[in-house]
Amino acid sequence: MLYLNIMFKRNDAFSIEIKDPNNIEEVDPIHSSIVIANDLFVIKKNSIYRVMTADTIDPDHKHPDTKHSYEKIFDIGSSSPYLARVTIQFDEIIKFLSLPKEEHDNLLSYLWQANRYLLSAFVIDTFLVKETAKLMPICDKIIEENKSKSSIPAFPQIHDLDGNVRTYLNNAKLFLIESFRLLNIFYKMPFGGKNIAHFNSHLEWVEKHLGKEHHIAKMISRDLGWIRLISECRNALEHPEEGQEVKFKNLTLLPGNKFSGPGWSYDLTKKLNLKYDFVDLINDLSIFSHNMLHFFEELFLISVDEKLADSKILALAEIPDKAISLNCPIKYKVTLKEEYLKK
């Protein structure tokens, strides 16, 4: 049971029990709550909900009997690194930056929007991994049961594979754009218009203004290959042409009565000089998800660390592995500098 104490006209206070509408018997403990841009979000171990007050539902007060409610936002909660190491972790960290309230609130809103793009991509990644794991044994069974016959029945297929990957890449590109927006927030890099997805131009700006030996310049240079691969694959799906094309295969029968899982091929020779015939799609998307989380985390940490450089008492610290909670696996925190801890 979550008890809220929110100032609004219809009631001074109310309580609301947050349950999964698709599984009201599920036990999913509340980890925390957070207010972002006047919206209250309840974070459970395996899910996120937005609380909707009566004023949210009926802002014009035309129906005074309107009740409070809530909606599920994601089937991902505090136990996922994809939430814990973005919104939850950095919500705590930015509290130590001594920002004006408006600037802090804007940074938190930005953080949540970026995280939503990442979570939306990760939901699809997780779905495709689970569907592939479920269907591959069925394909094995079909082949085994029909190996003495003259034909093999059609394999089950992952529903709307193309559409799911399109949505994944759209959210992934949007997340990468928001990741680079950090350079505008912390370092005043010009950011806007048609150039926000010109990631190689962002690297050039960083090398010119921060230096080629700066940690951020080295990090972007290291990761620019997979970043542009995501971006150009998404662009090829939206605007296909010669040298800019992506194709997919679902579960497929191969010569020798074998089969392959979902795959994709891409010809990006127009811009990246890359061309691959069908490789493991599911593995690639999972690698992308992992890379995006770590890229954003590292970029944010470097930015915050430089912001705290002038602090006499505060510093970033990595939490030891044995101390990381499975219920909320944040990895970094702000703590007192070592010399103050010894006092």
Side-chain angles (χ1 to χ4, degrees), residues 1-97 99-124 126-127 167 171 174-175 178 293 296 300 325-330 333:
M1 184 81 71
L2 175 71
Y3 291 94
L4 307 174
N5 191 3
I6 302 175
M7 297 299 296
F8 64 107
K9 295 180 180 179
R10 303 192 188 204
N11 292 290
D12 291 333
F14 68 93
S15 65
I16 187 169
E17 189 172 9
I18 307 292
K19 290 187 175 182
D20 187 337
N22 299 315
N23 185 7
I24 61 173
E25 301 299 327
E26 181 183 32
V27 177
D28 188 10
I30 291 174
H31 171 270
S32 59
S33 62
I34 183 172
V35 176
I36 303 173
N38 296 321
D39 281 328
L40 174 62
F41 295 92
V42 175
I43 300 173
K44 291 192 165 192
K45 181 180 177 182
N46 299 304
S47 54
I48 308 170
Y49 294 83
R50 182 172 76 96
V51 174
M52 300 183 296
T53 65
D55 284 354
T56 302
I57 300 168
D58 179 33
D60 296 327
H61 291 241
K62 293 181 178 180
H63 303 277
D65 61 339
T66 300
K67 302 299 190 296
H68 312 293
S69 189
Y70 58 90
E71 62 178 343
K72 180 186 278 191
I73 304 297
F74 287 105
D75 281 313
I76 299 173
S78 64
S79 62
S80 170
Y82 288 84
L83 177 67
R85 288 171 64 175
V86 183
T87 295
I88 298 176
Q89 176 170 263
F90 289 114
D91 172 45
E92 291 300 318
I93 287 175
I94 65 176
K95 292 175 182 177
F96 293 92
L97 296 183
L99 300 173
K101 185 180 186 306
E102 183 178 359
E103 191 174 338
H104 170 274
D105 292 349
N106 289 340
L107 183 55
L108 182 58
S109 295
Y110 153 79
L111 186 62
W112 173 236
Q113 182 57 64
N115 205 168
R116 288 185 72 136
Y117 289 137
L118 179 62
L119 293 177
S120 295
F122 183 62
V123 165
I124 294 172
T126 303
F127 166 76
T167 302
N171 281 289
L174 289 169
F175 175 72
E178 293 307 306
L293 169 61
F296 183 87
F300 210 124
S325 168
L326 295 178
N327 291 329
C328 186
I330 64 172
K333 64 180 180 179

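We're numbering straight along the sequence, starting at 1. Keep in mind that the numbers below use all heavy atoms, side chains included, and drop hydrogens, waters and symmetry copies.
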Next item on the list: From the options I57, D58, T66, select the one residue that forms a side chain to side chain contact (heavy atoms under 4.5 Å, CB included) with M52.
Entry: I57

Checklist line | Criterion side chain to side chain contact (heavy atoms under 4.5 Å, CB included) against I34, the qualifying member of T87, D39, V42, L40 | finding: T87

Check: [Y] and [X] side chains under 4.5 Å, non-hydrogen atoms:
X	Y	answer
L97	H104	no
D20	Y49	yes
L293	R85	yes
N115	E178	no
S78	I88	yes

Next item on the list: Please name all residues satisfying ring-ring contact (aromatic ring centres under 6.0 Å, His included) with F74, sequence neighbours left out, ordered by chain then number.
Entry: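 Applying ring-ring contact (aromatic ring centres under 6.0 Å, His included) to F74 gives none.
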
Next item on the list: Show the numbers, then the answer: is there a side-chain contact (heavy atoms from CB on, under 4.5 Å) between I30 and I43?
Entry: CA-CA 6 Å; I30 291 174; I43 300 173; over 6 Å; no

Checklist line | Counterpart residues, salt bridge (Lys or Arg N to Asp or Glu O under 4.0 Å), relative to E26 (two or more places apart) | finding: none

Notebook entry, point to check: Can any side-chain N or O of H68 pair as donor or acceptor with the backbone N or O of A54 at less than 3.5 Å?
Noted result: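 Yes, because the side chain of H68 sits within donor-acceptor range (under 3.5 Å) of the backbone of A54.
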
Margin query: I'd like to know if the side chain of Y70 and the backbone of I16 have a donor-acceptor N/O pair within less than 3.5 Å.
Written below: no

When rounded to the nearest 0.5 angstrom, what distance separates [atom1] in [X] from [atom2] in [Y]?
X	Y	atom1	atom2	value
L111	I93	CG	CD1	10.0 Å
T56	E71	OG1	CD	10.0 Å
S120	F175	OG	CZ	11.5 Å
K44	N327	NZ	CG	13.5 Å
S32	E92	OG	CD	8.5 Å
L108	Q113	CG	CD	12.0 Å

Note to self: Check K101 with D105, please: is the shortest side-chain N to carboxylate O separation under 4.0 Å?
What the structure shows: yes

Next item on the list: Return the orientation label for the F41 and W112 ring planes: parallel under 30°, perpendicular over 60°, tilted otherwise.
Entry: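 Tilted: the ring planes of F41 and W112 meet at 30° to 60°.
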
Checklist line | N23, CG atom: more than 12 neighbouring heavy atoms under 6.0 Å | finding: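 Above 12, so yes.
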
Next item on the list: Test N46 against S79 for side chain to side chain donor-acceptor pair (under 3.5 Å), laying out the working first.
Entry: CA-CA 6 Å; N46 299 304; S79 62; 3.2 Å; yes

Next item on the list: Walk me through it: do L119 and I48 pass the test side-chain contact (heavy atoms from CB on, under 4.5 Å)?
Entry: CA-CA 11 Å; L119 293 177; I48 308 170; 4.0 Å; yes

Checklist line | Stepwise side-chain contact (heavy atoms from CB on, under 4.5 Å) check, V123 with D75 | finding: CA-CA 8 Å; V123 165; D75 281 313; over 6 Å; no

Next item on the list: State which residues pass side-chain contact (heavy atoms from CB on, under 4.5 Å) with N106; sequence neighbours excluded, sorted by chain then number.
Entry: E102

Margin query: I need the minimum non-hydrogen distance between S80 and P329, along with the two atoms involved.
Written below: C-CG, 4.4 Å

Margin query: Does D28 form a side chain to side chain donor-acceptor pair (under 3.5 Å) with S47? I'd like the steps, not just the answer.
Written below: CA-CA 8 Å; D28 188 10; S47 54; 2.7 Å; yes

Margin query: Between L118 and F296, does the side-chain contact (heavy atoms from CB on, under 4.5 Å) criterion hold? Intermediate values first, please.
Written below: CA-CA 10 Å; L118 179 62; F296 183 87; over 6 Å; no

